[in-house]
Asker: 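Handing you a structure now.
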Amino acid sequence: MVENLVIVESPAKAKTIEKFLGKEFQVKSSFGHIRDLNKKEFGVDIKNDFKPDYIISDDKKAVVKELKSLAKEAKTVWLASDEDREGEAIAWHLAEVLELEGEKVKRIVFHEITKNAILEAINKPRLINKSLVDAQQARRVLDRLVGFEVSPVLWKKVKPQLSAGRVQSVAVRLIVEKEREIINFKTTSTYRVVGIFQITDDQGNLSEIKAELSKRFDNKAEAGAFLSKCLDATYTVENIVTKPAKRSPAPPFTTSTLQQEASRKLGYSVSQTMSVAQRLYEAGKITYMRTDSVNLSSLALNTSHSKIVELYGEKYSKTRQYKTSSKGAQEAHEAIRPTYIDKETISGTKQEQRLYDLIWKRTVASQMSDALLEKTTITIGISTAEEKYIASGEVIKFDGFLKVYTESTDEDDEKKNGQNILPPVTEGSKLKCNEIVAAQRFTVRPSRYTEASLVKKLEEQGIGRPSTYAPIITTIQNRGYVVKGDKPGETRKFVTLTLKNGNIGEKTNTETFGQEKSKLFPTDIGMVVTDFLMKSFNPIMDYNFTARVEEQFDDIADGGLVWNKMIGGFYKPFHKLVEESLQVSEKANGERILGPDPESGKQVSVKIGRYGPLVQLGETTDGENGDKPKFASLQPGQSIETITLDEAISLFKLPREIGDYEGKKVSVSVGRFGPYIRHDNKFISLGKNDDLFAVDLNRAVELIEAKREKDRNAIIKVFEEDADLKILNGRWGPYISFKKKNYKIPKGTKAEELDYNGCLKLIESSQKTSTKAKRKK
DNA sequence: CAGTGAGCGAGCTTCCGCTTGACTT
């Protein structure tokens with residue numbers, strides 16, 4: 001029998017700690033929370049002072065059973081969950097469920113997983129902090145109240161299965177507002193003037209200075225007038241300013257900054273980053289990956305120092321302690337760093353190695369010296385005009401942390417990271433002007449959020465936690481509020497005026513702009529739901545809502561506020577909003593009237609229907625006279641917000657008949673799975689580059705024949721015994737098709753060699769496992 | 001798998017934060 005049972009949250013942590021503690025300690029994991037509010041019911045007894053109804057969820061029953069029996073045998077149970085609100089609550093739930101009382105239970109916390117820290121913690125046990133637990137209960141109950149009262153309003157007013165919540169609804173709001181900002185953005189242009197000057201030094205070497213005019217012109221005429229003024233101008237260096245500057249490294253990674261950098265530098269999605277990090281953590285290669293702390297342990301600081309000295313020398317080392325600045329941080333863990341900083345590389349998959357490399361560099365760089373720079377600004381005067389040219393350069397005098405790592409930014413503008421060295425000049429020296437270019441530049445419209453930049457924004461507002469950033473992004477996409485996608489760039493013309501060799505020339509070029517990859521776009525549903533929530537539940541949609549309730553949670557944690565009193569204060573006005581919103585009879589469908597149809601004069605409108613966004617021709621009230629309105633679904637890429645009358649009207653022209661083939665009609669239309677050709681009751685998807693309104697009979701026949709060819713190759717084997725049973729070749733390789741259901745062929749089994757009985761066996765065994773899986777759910 | 005869009009009502013959905021597997025149709 002082991003006398004001491006230590007319970008931590010994660011099994012990987014348990015394994016490490018067990019090694020530090022002697023044989024008389026057994027370390028187990030709770031796998032996070034063991035109890036939660038009842039999911040099938042409302043879970044909160046509103047009439048009874050918001051009493052929570054906690055239950056042990058099915059997937060935790062086995063864990064709890066094991067912990068219970070171990071706890072019974074142990075003399076002392078050490079609850080070592082994290083030192084934040086959620087961790088304290090986990091400890092409390094464990095104490096309750098395992099029926100631990102008095103001397104038998106001890107609460108301990110440690111800030112780093114080292115032998116010393118843990119032994120120290122064991123020597124300084126404390127009691128469970130019930131105020132902190134209450135703050136968690138308040139957080140939990142508030143989220144349940146919001147989610148389970150507002151979501152049903154959406155089912156009634158918009159569409160079933162939708163959801164609303166303190167975090168997700170605000171995340172969607174951010175994306176919707178960004179989209180409207182883009183829709184409403186008015187592009188303007190100015191003329192930016194750049195002069196290219198030449199100077200010859202004493203040795204006769206020629207060098208070039210690129211300088212930008214201090215003024216931008218509003219239009220071509222003004223820019224042209226300026227260039228004319230410069231025809232006979234001379235240029236003089238009027239002023240040279242040299243200033244030292246320094247740049248400091250970014251702090252070590254938190255969950256959110258790791259997600260951002262892995263997205264920018266490695267192109268990982270937020271969830272991808274988290275699962276790769278999880279594998280590194282489980283392999284003992286990095287510290288815990290869900291954290292909001294930038295703190296490094298003293299051990300980490302020491303190994304960083306010696307590693308930096310070893311690799312780059314003493315003057316590259318500068319030990320730094322960072323302070324967390326993000327709102328609502330709870331700092332239960334260290335920053336994300338390599339467990340062993342002296343290991344520059346690791347074994348593992350390519351993905352793991354790249355992420356580890358990023359973490360290693362960021363951690364090490366954070367403990368390195370500042371980079372020292374010299375910034376030079378040269379002002380060039382024009383003899384015939386008042387404006388000045390400004391040339392700026394930057395020289396790195398000492399690279400410091402830049403030797404290892406530079407943080408990326410979201411706005412990858414034209415600026416290069418490299419140095420821009422200016423040639424040596426002296427005040428008063430004359431410059432020869434080689435060329436002046438005045439180019440039309442457009443204002444840049446805002447870009448949509450990436451997964452990672454949304455996480456950044458949420459963190460800045462104190463919304464969501466490290467463990468929830470990735471799930472939030474999945475949720476808002478699963479609910480159909482947001483889609484991740486690309487947008488092709490548009491092209492536009494721009495004018496450049498050039499002054500060279502005493503002549504002013506004009507040229508018109510084209511450029512592409514506004515191209516976006518892997519960005520978050522709101523759907524029509526997302527917009528309609530956001531508008532509805534903004535109108536009916538404004539206080540909850542406020543960007544500061546979370547921050548304000550967090551303040552109250554802090555008061556609860558400090559013992560200054562009783563949790564169910566706080567919830568009561570929130571619930572009364574909130575529930576009134578719920579009731580009021582239900583009293584309004586009309587549904588929220590985002591309807592927009594586009595105008596009359598030029599042919600029939602009937603009204604054309606767009607709105608959300610039962611099956612998604614649609615256009616409608618005619619009004620329902622017309623139905624009295626026998627004419628029912630016509631409907632058509634919007635195509636992917638179209639939205640209620642931006643569709644034009646012309647685009648809407650062309651949707652009614654489907655299905656479009658384009659001719660006959662083999663005596664049967666060929667038509668084009670669009671369905672749930674995108675645009676298709678219909679022929680002889682068969683459906684063939686259109687290719688990505690085919691235009692629905694441009695496809696002709698020739699192209700259609702091509703596609704029909706291609707499809708026939710593919711179908712011929714699809715059948716690998718048929719059986720005399722049963723016509724329903726076939727072996728087919730699909731997207732993922734061979735599979736068995738039987739009575740309209742598909743079955744997998746296990747790896748190592750050759751499809752060609754399978755006989756009738758072999759197939760039946762596979763079908764039987766797969767049916768067994770699938771019913772098992774269903775039962776588990 | 002490729003129609004649909006009236007209205008009613010059965011029975012369903014839904015939150016956020018802690019954790020890791022079990023899943024690949």
Side-chain angles (χ1 to χ4, degrees), chain A residues 8-14 29-37 39-40 42-44 57 59-60 63 81-82 84-91 93 136 139-155 159-169 275 278 281-282 288 290 330 332 463-469 471-472 475 479 540 546 589 607-616 620 623 628-633 655 667-678 681-686 730-732 735 740-744 766 769-770 772-773 776-777:
Chain A
V8 294
E9 288 178 40
S10 111
K13 205 168 166 182
S29 148
S30 75
F31 294 84
H33 278 295
I34 54 157
R35 283 203 303 192
D36 191 14
L37 295 177
K39 224 175 131 149
K40 293 185 191 109
F42 194 72
V44 178
S57 55
D59 55 333
K60 287 294 160 60
V63 179
S81 44
D82 298 341
D84 59 5
R85 202 162 66 198
E86 299 295 329
E88 203 67 19
I90 288 172
H93 281 298
Q136 192 273 348
R139 198 279 304 155
R140 183 65 192 92
V141 167
L142 180 124
D143 284 336
R144 173 55 67 88
L145 293 175
V146 172
F148 276 37
E149 291 216 356
V150 180
S151 299
V153 177
L154 292 180
W155 305 342
K159 215 175 105 166
Q161 253 120 19
L162 294 175
S163 64
R166 171 177 59 84
V167 171
Q168 58 167 287
S169 296
S275 75
Q278 175 89 28
Y281 167 67
E282 281 168 14
Y288 198 58
R290 290 189 273 266
Q330 308 208 357
I463 299 166
R465 305 278 313 123
S467 67
T468 59
Y469 294 138
I472 290 165
T475 304
R479 298 273 170 275
I540 287 167
T546 290
N589 58 18
K607 66 177 184 188
I608 295 267
R610 269 203 290 169
Y611 309 100
L614 59 85
V615 284
Q616 181 177 336
T620 29
K628 271 194 169 181
K630 275 168 93 181
F631 299 96
S633 290
S667 62
V668 189
S669 190
V670 69
R672 270 173 66 200
F673 303 96
Y676 64 90
I677 296 167
R678 185 178 188 147
N681 271 331
K682 288 199 173 74
F683 299 92
I684 302 131
S685 291
L686 277 180
R731 234 161 96 196
W732 294 291
Y735 66 97
K740 295 201 167 176
K741 279 194 164 177
N742 299 336
Y743 302 90
K744 233 175 42 167
S766 124
T769 54
S770 72
K772 236 190 225 170
K776 258 193 170 179
K777 270 186 180 173

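Throughout, protein chains are lettered first and strands after them, A, B, ... in sequence-line order, and every chain is numbered starting at 1.
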Asker: Could you tell me whether the phosphate oxygens of B:dG17, OP1 or OP2, come under 4.0 Å of any side-chain nitrogen or oxygen in A:Thr468?
Answerer: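 True: A:Thr468 side-chain N/O within range (under 4.0 Å) of B:dG17 OP1/OP2.
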Asker: What I want to check is whether the side chains of A:Ser163 and A:Gln168 have a donor and an acceptor closer together than 3.5 Å.
Answerer: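 Per modelled atom types, A:Ser163 and A:Gln168 side chains form a pair under 3.5 Å.
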Asker: So which nucleotide from B:dG17, B:dT19, B:dT14 ends up closest to the side chain of A:Phe31?
Answerer: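 Among B:dG17, B:dT19, B:dT14, the one nearest the side chain of A:Phe31 is B:dT19.
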Asker: Return the set of residues passing side chain to side chain contact (heavy atoms under 4.5 Å, CB included) with A:Pro613 (not counting sequence neighbours), or none when no residue passes.
Answerer: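 By the side chain to side chain contact (heavy atoms under 4.5 Å, CB included) rule, A:Pro613 matches A:Asp524, A:Leu634, A:Ile640.
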Asker: Below the 4.0 Å mark, does B:dC16 have OP1 or OP2 next to a side-chain nitrogen or oxygen of A:Gln168?
Answerer: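 Checking B:dC16 against A:Gln168, a side-chain N or O does come within under 4.0 Å of OP1 or OP2.
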Asker: Any protein N or O atoms within reach of nucleotides 5-8 of chain B? Criterion: under 3.5 Å, listing atom names and distances.
Answerer:
from: B:dG5; atom 1: O6; to: A:Ser633; atom 2: OG; distance (Å): 2.8
from: B:dG5; atom 1: N2; to: A:Arg610; atom 2: N; distance (Å): 3.1
from: B:dG5; atom 1: N2; to: A:Tyr611; atom 2: N; distance (Å): 2.4
from: B:dG5; atom 1: N2; to: A:Gly612; atom 2: N; distance (Å): 3.3
from: B:dG5; atom 1: N2; to: A:Gly612; atom 2: O; distance (Å): 3.3

Asker: Using a heavy-atom cut-off of under 4.0 Å over every strand shown, decide if A:Gly43 touches base, sugar-phosphate, or nothing.
Answerer: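 It contacts nothing in the nucleic acid.
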Asker: Looking only at side chains, do A:Tyr288 and A:Arg290 share a donor and an acceptor under 3.5 Å apart?
Answerer: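 Per modelled atom types, A:Tyr288 and A:Arg290 side chains form a pair under 3.5 Å.
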Asker: What is the nucleic acid contact for A:Glu149, judged by heavy atoms within less than 4.0 Å: base, sugar-phosphate only, or nothing?
Answerer: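 The answer is nothing, as A:Glu149 stays clear of every strand by at least 4.0 Å.
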Asker: Could I get the full list of side chain to side chain contact (heavy atoms under 4.5 Å, CB included) partners for A:Ser57, not counting sequence neighbours?
Answerer: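 Testing A:Ser57 for side chain to side chain contact (heavy atoms under 4.5 Å, CB included), a comparison that skips the adjacent residues, returns A:Asp59, A:Lys60.
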Asker: Has the side chain of A:Arg140 got a donor or acceptor atom sitting under 3.5 Å from an opposite partner on the base of B:dC15?
Answerer: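 Between B:dC15 and A:Arg140, which were checked side chain against base, a qualifying N/O pair under 3.5 Å is present.
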Asker: Between A:Arg290 and B:dT20, is there a side-chain N or O to OP1/OP2 distance below 4.0 Å?
Answerer: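 Looking at the OP1 and OP2 atoms of B:dT20, one of them is under 4.0 Å from a side-chain N or O of A:Arg290.
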Asker: Report the residue from A:Arg465, A:Arg140, A:Arg139 that forms a side chain to side chain donor-acceptor pair (under 3.5 Å) with A:Glu86.
Answerer: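 Only one option passes, and that is A:Arg139.
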Asker: Is a salt bridge present between A:Glu149 and A:Arg144, judged by a nitrogen-to-oxygen distance below 4.0 Å?
Answerer: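 Judged by the 4.0 Å cut-off on N to carboxylate O distance, A:Glu149 and A:Arg144 do not form a salt bridge.
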Asker: May I ask you to say what A:Arg465 touches in the nucleic acid, namely base, sugar-phosphate or nothing, with a heavy-atom cut-off under 4.0 Å?
Answerer: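 A:Arg465: backbone/sugar contact only, no base atoms under 4.0 Å.
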Asker: Among B:dC15, B:dT20, B:dC18, find the nucleotide with the atom closest to the side chain of A:Asp84.
Answerer: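 The nucleotide sitting nearest to the side chain is B:dC18.
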Asker: So does A:Tyr288 get a side-chain nitrogen or oxygen closer than 4.0 Å to the phosphate oxygens (OP1/OP2) of B:dT19?
Answerer: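 It does, given that an N or O in the side chain of A:Tyr288 lies less than 4.0 Å from OP1 or OP2 of B:dT19.
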Asker: Output yes if the stacking criterion (under 5.5 Å between centres, under 30° between planes) is met for A:Trp155 over the base of B:dT13, else no.
Answerer: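 Check passed, A:Trp155 stacks on base of B:dT13.
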Asker: Does B:dC15 have its OP1 or OP2 closer than 4.0 Å to a side-chain nitrogen or oxygen of A:Arg479?
Answerer: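 For B:dC15, OP1 or OP2 has a side-chain N or O of A:Arg479 closer than 4.0 Å.
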Asker: Taking A:Ser81 for its side chain and A:Ile90 for its backbone only, find out whether a donor-acceptor pair lies under 3.5 Å.
Answerer: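 Flag not set: sc A:Ser81 to bb A:Ile90 has no pair under 3.5 Å.
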Asker: Name the nucleic acid region contacted by A:Val167, choosing base, sugar-phosphate or nothing; use a 4.0 angstrom heavy-atom cut-off, strictly under.
Answerer: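 Sugar-phosphate, backbone atoms only, no base.
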Asker: How far, in whole Å, is B:dG9 from B:dT13 if one measures between their C1' atoms?
Answerer: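 Result for the C1' pair: 16 Å, nearest Å.
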Asker: Within the structure shown, what part of the strands sits under 4.0 Å from A:Ala164 by heavy-atom distance: base, sugar-phosphate, or nothing?
Answerer: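 A:Ala164: backbone/sugar contact only, no base atoms under 4.0 Å.
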Asker: Measure from the side chain of A:Arg139, starting at C-beta and using heavy atoms only, and say which of B:dT20, B:dT14, B:dG17 lies closest.
Answerer: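 Of the candidates, B:dG17 comes closest.
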Asker: Considering just the side-chain nitrogens and oxygens of A:Ser10, establish if one lies under 4.0 Å of OP1 or OP2 belonging to B:dT20.
Answerer: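 For B:dT20, OP1/OP2 do have a side-chain N/O of A:Ser10 under 4.0 Å.
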Asker: Could you check whether A:Leu162 gets within reach of a base, just the sugar-phosphate, or nothing at all, counting any heavy atom under 4.0 Å?
Answerer: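 It contacts sugar-phosphate atoms only.
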